[in-house]
Amino acid sequence: MTRVFERPTSSPLHPSRRTVLKVMAGAGAGLTLGITLPQARAQDASPSADDSDTFAPNAFVRVLPDNTVTVLIKHLEMGQGVFTGLTTLVAEEMDTAWEQMRPEHSPADAKLYNNLHWGPVQGTGGSSSLANAFEQMRRAGAVARILLVQAAADAWGVPAGEIETRDGLLRHAASGREATFGAMAERAAVLKAPDPASVTLKSSEDFRLIGRDHLSRPDSAKKVRGQTTYAADVRLPGMLSALVRRPSRFGAVPGRIDGEAALAMSGVRAVLPLPHGVAVVAESHWQAVKAREAIKIEWDESGAVKTGSKALLEQYRDLGGTSGTTFRSDGDALAALAEPESQVIEAVYDVPFAAHAPMEPLSAGAMMTDTGIEVWAGAQSPTFDVLNIAAAARLKPDQVRLRIIQAGGSFGRRASPNSDSLVEVAAIARGLADQGIEAPVTLTWTREDDIRGGYYRPMAVHAVAGALTQDGQPSAWRHRVVTQSLLKNTPFAATLIEDGIDRTSVEGVIDLPYAIANVKGELHSPEPGIPGLWWRSVGHSHTAFAVESFIDEMAHAAGADPLVMRRDLLQDHPRLLNVLNVAAKEAGWGLPQQEGQGQGLAVHTSFNTHVAHVAEVTVKDGAIRVDRLICAVDCGLPVNPDVIRAQIAGGSIFGLSAALRGRVTLDDTGLVSQSNFHDYEIIRMGGAPEIEVHIVPSTEPPTGVGEPGVPTVAPAVANAVFAATGKRLRSLPLRLG
Amino acid sequence: MARLTVNGTEHDLDLAPDVPLLWALRDTLGLTGTKYGCGLSQCGACTVHVDGQAVRACQTYVGDVTDTEITTIEGLSGPVADAVLKAWEDLSVSQCGYCQPGQIMEAVALLAGTPEPDDEAINAAMNGNLCRCGTYGRIRAAIHAAAEALKQTERG
Ligand code: FES
Ligand code: FES
């Protein structure tokens with residue numbers, strides 16, 4: 001018995017033909033569904049290169065006769081504004097009106113939609129979307145424009161050079177002729193596209209959309225009305241709901257499973273063993289929640305982690321006292337530290353495990369089809385996801401159809417190299433099919449699953465020592481990083497682990513910008529057995545805390561103003577120096593503060609974007625309140641200033657949550673102590689400070705802004721707390737007393 | 001069997017009284033604009049109106065709301081709602097958007113009772129609605145903008 005959840009076709013939630021279900025009867029095998037999901041139109045769904053009335057000059061642009069322009073976005077929209085950003089680039093060169101633009105996700109196809117910074121791989125991460133696609137999308141728009149102009153020239157019998165374009169209109173002034181882009185779509189569709197590399201792009205003085213302070217986000221209208229379909233919102237006839245019981249200790253695996261009681265419960269369809277847990281599948285989510293508790297599992301904990309985070313921290317601190325693998329060596333830091341005249345300062349910083357906790361917990365759907373499997377999810381790494389899904393469903397990669405749909409936040413969580421949640425849903429769909437259950441299934445992680453499920457920003461310890469000369473000049477910096485490798489055993493290892501150094505563990509230290517003659521960087525990469533993952537700003541989320549706290553400590557030890565010392569040491573980094581100066585000036589750095597108040601500063605480069613934060617804090621009765629964050633950012637040419645402000649402000653809040661609130665700890669037996677937002681806290685409205693974002697004008701190529709707002713927040717706040725109280729806090733989250 | 005009135009329509013649903021309203025809305029009625037974020041009244045993603053009051057659907061049970069008017073984001077209407085939705089769009093509040101239906105339901109309930117909230121009132125009313133994307137500054141600004149717009153129409 002399958003219960004069918006159906007929405008009335010007139011529902012405002014089903015406004016478009018894209019959600020139409022084509023139900024085809026499969027011979028003797030129940031229903032086979034060929035679906036077209038919202039936001040995930042593949043090339044063979046409409047509008048496509050095959051529709052004769054659609055103009056498809058390349059993989060990215062579709063002009064329809066109704067005068068809408070679809071832009072296929074090769075990156076995942078997860079809130080960072082990539083729909084707005086890439087669409088701006090196309091619209092700029094194409095000369096469309098902003099209102100006619102319709103971004104949607106491209107299919108998963110690494111040949112057409114690879115990240116140009118990543119080689120033959122489609123994926124979203126490292127704040128690379130706008131940077132890698134900047135020229136590519138502009139060229140795609142320019143080619144479309146050239147062909148539309150040619151089509152009009154042919155139709156009107158006038159020279160192409162006399163036709164002007166603006167706001168989606170083609171105009172021939174001499175004859176007074178005018179047509180929309182849509183009206184010329186069919187004609188343009190038969191023309192041969194020029195080589196995109198050959199077309200001339202606008203020069204920056206001619207930009208109308210790039211750099212415009214605010215363009216309305218094309219995804220806003222649906223989002224505010226609850227009409228955006230996230231993975232868990234997809235509804236198909238006969239759809240089932242799955243949950244997975246995962247072990248409570250990392251590394252445990254299920255042994256004996258007794259699913260009898262669960263299977264006897266109302267609506268429960270299957271209990272399926274998976275390599276790392278047990279899935280329960282029911283007709284509704286709530287039935288699955290109830291049934292999951294009823295499964296009896298004997299866990300095999302022979303390979304389980306039974307170390308608590310306290311003990312782990314001690315181990316890491318001990319490692320920090322010993323030398324590791326060298327990743328940077330300028331001059332002779334050890335000799336400079338040993339100079340008898342040197343003033344030596346030492347400090348150890350630590351950051352905890354942290355969960356991404358996107359507001360939409362992980363979710364994904366899947367179903368077996370007559371040709372393979374179809375999976376829908378907010379996927380950051382489609383190319384790897386397809387391979388992993390294929391393996392889990394015992395299929396070939398070309399039998400996998402991955403539909404990329406908008407994600408309710410991710411912050412790196414939906415980019416795990418082993419595609420953990422997608423592998424689960426694929427295995428579940430496969431397991432159901434093996435039992436003769438032909439139905440689409442959606443998998444949700446509860447918030448508890450999310451907080452307890454690992455894939456954290458790893459714990460890290462930084463042991464730093466510095467030397468000051470007698471006149472207070474920094475002469476040496478020795479920096480030991482202790483943190484697990486994120487890249488080991490991933491497809492990225494070959495290119496990003498060099499001589500045993502995982503680049504993501506040391507980014508932000510290996511490129512320490514301060515002009516100090518003697519620098520030594522060393523890395524320890526312990527293996528705690530707790531899955532780690534990139535978490536908004538990756539290594540920078542901890543390296544910047546250590547570096548920017550320590551330079552502050554050096555300045556205070558030298559009796560120097562932290563701003564002045566940084567300035568002196570950043571003379572070779574004009575862009576970094578500039579954001580530092582802008583933030584300091586806008587914040588009114590150095591003005592006298594009230595009792596219990598203080599200002600703190602931090603400056604850092606991540607993902608080629610330069611950011612400085614000044615934090616203003618009030619400390620009262622042992623509680624830290626951040627009153628204001630002033631931020632300056634240099635991300636090259638600002639394509640969408642409003643999106644930049646949103647991302648930097650959002651990143652600042654994310655950084656503040658880590659600075660003051662959220663941490664994941666393991667008790668002494670290895671159980672995660674937190675489970676939901678009451679004990680894994682993030683900043684709420686009442687704790688959200690006023691945030692000012694100052695964008696530094698630039699004509700350099702644009703760089704990303706999704707992550708770079710995060711790293712400088714924690715050190716700026718810690719430095720402000722020191723300024724306010726004289727107490728130096730070296731552990732995140734920051735706690736007084 | 002539970003009789004629920006949602007967005008003005010009565011439904012007789014084959015559900016036990018202890019099923020959370022959130023799942024009745026999402027799974028049984030297909031109203032997926034109401035989101036799951038925590039299940040514990042900790043995040044506000046599931047906020048709906050019951051007789052005009054903002055409540056958390058994840059901790060409200062079907063059996064407790066049978067004689068009420070339930071409004072979800074899909075059925076939200078009226079001048080306050082229009083002003084709030086417009087302000088949200090004008091200021092591009094949404095990032096990922098996942099929390100925003102809940103934020104908007106909460107904001108509409110706030111403005112319905114307190115037409116001109118100051119920052120303190122906004123902080124108090126909105127403190128239960130988490131946004132991991134960190135859109136708090138814009139939410140605050142959008143509530144002020146909606147309040148201002150409503151004041152203008154009243155005067156106008
Ligand atoms: S899901 Fe109801 S408050 Fe979070
Ligand atoms: S907009 Fe993403 S959680 Fe609020």
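Just so it is clear: chains get the letters A, B, ... in the order the sequence lines come, proteins before strands, and each one is counted from 1. Since the structure is predicted, the reported quantities are computational estimates derived from the model, not experimental observations.
- Both the sub-6.0 Å distance and the 45° axial angle are satisfied by A:Arg413 relative to the ring of A:Trp445.
- When heavy atoms are compared at a cutoff of 4.5 Å, B:Thr135 does not approach chain A at all.
- The contact between B:Ile104 and chain A is made entirely by side chain atoms (from C-beta outward), counting heavy-atom distances below 4.5 Å.
- When only modelled atom types and interatomic distance are considered, A:Thr124 and A:His75 share a side-chain donor-acceptor pair under 3.5 Å.
- For B:Asp90, the part lying near chain A is the backbone, with the side chain staying farther off; criterion is any non-hydrogen pair under 4.5 Å.
- Each of B:Cys96, B:Cys38, B:Gly134 has some count of heavy-atom pairs under 4.5 Å with chain A, and the biggest count is that of B:Cys96.
- Side chain of A:Arg661 to main chain of A:Arg684: no donor-acceptor pair is present (N/O by atom type, distance under 3.5 Å, no hydrogens or angles).
- Of the listed residues (A:Arg447, A:Met78, A:His285), the one with the most heavy-atom contacts under 4.5 Å to chain B is A:His285.
- Side chain of A:Lys223 to backbone of B:Gln95: a donor-acceptor contact under 3.5 angstrom is found.
- With a 4.5 angstrom heavy-atom cutoff, A:Ile691 does not touch chain B via any of its atoms.
- A salt bridge between A:Arg414 and A:Glu360 is present, with a side-chain N of the basic residue lying under 4.0 Å from a carboxylate O of the acidic one.
- Residue contact with chain B, scored on non-hydrogen atoms closer than 4.5 Å, involves the side chain of A:Ser241 exclusively.
- Ranked by non-hydrogen atom pairs under 4.5 Å with chain A, the options B:Lys35, B:Arg138, B:Met126 are led by B:Arg138.
- In this structure, a donor-acceptor pair under 3.5 Å is absent between the side chains of A:Asn640 and A:Thr84.
- A salt bridge links A:Asp233 and B:Arg26; the closest N-O separation between the charged side-chain nitrogens and carboxylate oxygens is under 4.0 Å.
- Per-residue counts of heavy-atom pairs under 4.5 Å with chain B were compared for A:Ala649, A:Gly409, A:Gly408; the largest is that of A:Gly408.
- Listed for the A:Glu77 side chain is a donor-acceptor partner under 3.5 Å among the backbone atoms of A:Gln80.
- Among A:Trp286, A:Phe654, A:Phe411, A:Phe677, the residue with the largest count of heavy-atom pairs under 4.5 Å with chain B is A:Trp286.
- Between the side chain of A:Trp535 and the backbone N or O of A:Ala355, at least one donor-acceptor pair lies under 3.5 Å.
- Heavy-atom distances place the side chain of A:Asn676, and not its backbone, under 4.5 Å from chain B.
- Only the side chain of A:Ser657 has a heavy atom closer than 4.5 Å to any heavy atom of chain B.
- In terms of heavy-atom pairs under 4.5 angstrom with chain B, the leader among A:Ala221, A:Ser216, A:Ala407, A:Gly81 is A:Ala221.
- Per-residue counts of heavy-atom pairs under 4.5 Å with chain A were compared for B:Gly128, B:Gly102, B:Ser92, B:Ser94; the largest is that of B:Ser92.
- When each of B:Leu31, B:Asp27, B:Thr34 is tested with B:Leu22 by the rule side-chain contact (heavy atoms from CB on, under 4.5 Å), just one qualifies, namely B:Thr34.
- Here A:His356 is the residue among A:Lys290, A:Arg645, A:His356 with the most heavy-atom pairs under 4.5 Å with chain B.
- Here the side chain of B:Asn127 pairs a donor or acceptor atom with the backbone of A:Gly686 at under 3.5 angstrom.
- The candidate from A:Glu690, A:Arg536, A:Gln647 with the greatest count of non-hydrogen atom pairs under 4.5 Å with chain B is A:Gln647.
- In this structure, the portion of A:Leu215 lying under 4.5 Å from any heavy atom of chain B is its backbone and not its side chain.
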